[in-house]
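Here the structure comes first, spelled out in structure tokens, and everything after it is commentary.
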Amino acid sequence: MHPEPNEQTQGKTGEQVNYDGQYAAVGCCRTMKKLGQGDKFPACPQHGSTTWGWIPPGSSIALADAN
């Protein structure tokens, strides 16, 4: 059984993603990316190295715009 991520789940560019899901660049512009477990957190396309935060399913952010 895998633990569920929570809203405190974060990682920096280059670190490994622990949970599949939507992430937002919380260290800069809130760009969103869909990442899979085992992926590496990317650099923000506009700002470079940043911190990414997990977006809980069903949050009010418009996830349709995520890549």
Side-chain angles (χ1 to χ4, degrees):
M1 183 152 199
H2 297 287
E4 288 295 317
N6 62 49
E7 54 270 37
Q8 297 303 315
T9 303
Q10 293 189 347
K12 295 182 181 185
T13 298
E15 293 179 348
Q16 186 169 337
V17 176
N18 292 322
Y19 301 103
D20 292 332
Q22 296 287 346
Y23 288 83
V26 296
C28 55
C29 63
R30 306 286 297 173
T31 293
M32 290 185 282
K33 295 277 185 188
K34 184 174 183 178
L35 302 171
Q37 185 176 10
D39 290 348
K40 299 281 186 186
F41 286 105
C44 171
Q46 297 172 348
H47 302 101
S49 186
T50 191
T51 300
W52 294 86
W54 180 72
I55 302 170
S59 69
S60 60
I61 297 173
L63 298 180
D65 296 329
N67 5 355

Inset, instruction - Measure from the side-chain N and O atoms of T13 to the backbone N and O of P42, and report whether any donor-acceptor pair falls under 3.5 Å. - result: yes
Inset, instruction - State which residues pass side-chain contact (heavy atoms from CB on, under 4.5 Å) with N18; sequence neighbours excluded, sorted by chain then number. - result: none
Inset, instruction - Could I get the full list of side-chain contact (heavy atoms from CB on, under 4.5 Å) partners for T51, not counting sequence neighbours? - result: Q10, K12, V26
Inset, instruction - Assess whether side chain to side chain contact (heavy atoms under 4.5 Å, CB included) is satisfied between C29 and Q46, documenting all intermediate values. - result: CA-CA 8 Å; C29 63; Q46 297 172 348; 3.7 Å; yes
Legend entry - Shortest non-hydrogen separation from T50 to A25 and the atoms involved: CG2-CB, 4.0 Å
Inset, instruction - Can you see which heavy atom on G38 is nearest to which on Q16, and at what distance? - result: CA-NE2, 3.5 Å
Inset, instruction - Measure the NZ-CG distance between K34 and D20 for me, rounded to the nearest 0.5 Å. - result: 8.0 Å
Inset, instruction - Measure the spacing between OH of Y19 and CD of Q37 and express it to the nearest 0.5 Å. - result: 8.5 Å
Inset, instruction - Please state whether the rings of F41 and W52 are parallel, tilted or perpendicular, taking 30° and 60° as the class boundaries. - result: parallel
